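Heads up, the thing below is written out as structure tokens.
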Amino acid sequence: MDCLFTHCIAKKDPLNTSSASIPLILAIALLCSGSCAVLFAQTAESNSEANIIGELALGDSTHSAQLEVHVQSVRTRPEVDSLWTDSIWQWRGTCSAPTALFHFQWYDPIDSFLTHSVVKEVQCIAEANEINNTEITLVGEMTASVSGLYEQATDSAARPKCFPPTSVQQMLTIQQKMDETIFESEKMQWALQTINAKCLNKMQVKQLLLSIPSEDRRLDLLKKIPKADHVWTTADMKEIFQLQFIEQKALRLLDKP
């Protein structure tokens, strides 16, 4: 006893106090560690996803190479239509025209309903056949990295080119349908439907415009064609429109954004 009187208050045992508080401390620590672990895991997962998205946006070859790329070509022999998962695309082969086109398409890694694509043009040069020197063969080649192609495909400033281009045979079928259509309103409808659904070059669009007898209706159709798809010039307007007052209206369209 530290006190000689019976009413003295006994001192608390420090060991007993510490022992009583240990379970409480352990419970708090355990709770904290669990919450911290979950928070750390969520943060790590979020950072990992953000890093992957960032690396894909920058064209990181490690992640981009893991994505399946649908590759198609036109004017190559044979035409390419396959899936590619390598980091480098290499092609050398024969062409059926002075230029060949390759179309690369990815599904977006975050939104599977969204696709990214890029079209690359390959120049084909004439080479003498090794077996028969009198036979000339068009040959082209292309080498590209998946990171570079992906960066071009996801460039928001670049307008993607449509693919595949409409062939001469397909255009003959389209023109036949235009010729068989009697009423101009139906010709207009068919022409606009074709322009929106097909990948037409400027000469093919011009062909459809000239198939409509009324220049007023031609002008109406021209106004509905997206301007960014083709670069129209003054010479084009003079060829499509013969009536001077309609031609002047068409020329004013060139100055509008």
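These numbers were taken from a predicted model, which means no experiment stands behind them.
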Do [X] side-chain atoms and [Y] backbone N/O form a donor-acceptor pair below 3.5 Å?
| X | Y | answer |
| --- | --- | --- |
| Arg218 | Ile240 | yes |
| Gln204 | Asn201 | yes |
| Gln207 | Gln175 | no |
| Thr166 | Cys199 | yes |
| Arg75 | Thr99 | yes |
| Lys202 | Trp232 | no |

Is there side-chain contact between [X] and [Y], with heavy atoms separated by less than 4.5 Å?
| X | Y | answer |
| --- | --- | --- |
| Trp190 | Leu208 | no |
| Val69 | Leu149 | no |
| Ser211 | Lys187 | no |
| Thr143 | Arg92 | no |
| Ile125 | Glu127 | yes |
| Leu219 | Leu253 | yes |
| Glu79 | Asp81 | no |
| Asp86 | Val146 | no |

Could you point out which residue of Lys249, Gln242, Glu247 forms a side-chain contact (heavy atoms from CB on, under 4.5 Å) with Glu215?
Gln242
Atom [atom1] in [X], atom [atom2] in [Y]: separation rounded to 0.5 Å?
| X | Y | atom1 | atom2 | answer |
| --- | --- | --- | --- | --- |
| Ile246 | Leu251 | CD1 | CG | 11.5 Å |
| His230 | Ile195 | NE2 | CD1 | 7.5 Å |
| Gln152 | His116 | CD | NE2 | 14.0 Å |
| Gln72 | Phe104 | CD | CZ | 11.0 Å |

Closest contact, heavy atoms only, [X] versus [Y]:
| X | Y | answer |
| --- | --- | --- |
| Cys95 | Val139 | SG-C, 4.2 Å |
| Met171 | Leu200 | SD-CD2, 4.2 Å |
| His103 | Ser117 | NE2-CB, 3.4 Å |
| Ala126 | Ile136 | CB-CG2, 3.5 Å |

Is there a path of hydrophobic side-chain contacts, each under 4.5 Å between heavy atoms of I, L, V, M, F, W or Y residues, that connects Val122 with Val74?
no
Going only through I, L, V, M, F, W and Y residues with side-chain contacts under 4.5 Å, is there a path from Val118 to Tyr107?
no
Test ring-ring contact (aromatic ring centres under 6.0 Å, His included) applied to Trp84 and Trp89, Phe102, Tyr150, the passing residue
Trp89
